[in-house]
Amino acid sequence: MLKRALLLLLTILIPVSFIGCGGGKDEDALLEEEEETTTAAAAPAAAPAAAAAGSATVTGKVAFEGTAPAMEKLKMDADAFCKAAHAAPAYSEEVVVNANNTLQWVLVYVKEGATGSFPAPTTPVVIDQRGCQYHPHVFGIQVGQPLKSVNSDSTLHNIHALPKKNTEFNIGQPFKGMETLKKFDVPEVGLHFKCDVHKWMGAYAGVLNHPFYAVTNDQGTFELKNLPAGNYVIEAWHEKYGAQTQNVSVTGSESKTVDFSFKG
Ligand SMILES: [Cu+2]
């Protein structure tokens, strides 16, 4: 494990020291890109897309049918830091069935019907590497909105994005307090992140070109706010149980309920 971590650290440090030498075209492009993301993050928060947003709401819950599978304990023994970070066992968040028989970590979002332009918020979405787990486990983010990866652990993590439609990246963060900004260019639901040092670490993003998304909580509920009047296809996406869709129409400041149910 130590040998692997050292190797990974070397792969990170070698390109960094190379950039330090200055010169090449690629480096300039890289720095420019970095500057762009930093500037965007520092800018004041954009006003909400008032023109395009409405006042309808879709709320609901995601039920879990069947017997909840036993929570999977994460085996962190191979890494002394990660093991010591947890007084009690840590569990996988792949399948989290709540006490009220609902499912947590389901991304619920408008799949079809969101028309208009929704500028990306400049406030970053934060993904934290803490206790050798990603927090949050599932999140939504808009196209062009910064994603801030933070390492809160005094150990090496890397955040490796494995997109199918966006550009792959792999950022090593060997020290506590490190932060990196990245953006995504196109919508993509189920974008997977992993850490190459700790194989149990995983997270998923829904990259969307509008703000109408939510992730189910420990009550299995969600709320899609500020919807303009319209006809929508709502999708509920779960990393293990797949995706389901339902149609809903809303007018004015109407509030409608859409419930989903996944079979275990
Ligand atoms: Cu890690």
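These figures come from a predicted structure and were not determined experimentally. Each ligand, and each atom within it, is numbered from 1 in the order the structure gives.
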In Thr155, Asn158, Asp153, Thr180, the residue satisfying side-chain hydrogen bond (donor to acceptor under 3.5 Å, both in side chains) with Gln173 is Thr180
Indicate the ring-plane relationship of Phe222 and Phe260, choosing parallel, tilted or perpendicular according to the 30° and 60° boundaries. tilted
Original post:
Do any N or O atoms from the side chain of Gln145 and from the backbone of Pro124 form a donor-acceptor pair under 3.5 angstrom?
Top reply: no
Review point. Can you say whether the rings of Phe193 and Phe184 are parallel (under 30°), tilted (30 to 60°) or perpendicular (over 60°)?
Key: perpendicular
Ignoring waters, protein N/O/S atoms under 2.8 Å from the Cu ion (ligand 1) are His157 ND1, Cys195 SG, His198 ND1, Met201 SD
With clusters defined by side-chain heavy atoms of hydrophobic residues (ILVMFWY) lying less than 4.5 Å apart, directly or transitively, does Val62 cluster with Val258?
yes
Taken in chain and number order and not counting sequence neighbours, the residues that satisfy salt bridge (Lys or Arg N to Asp or Glu O under 4.0 Å) with Asp128 are Arg130
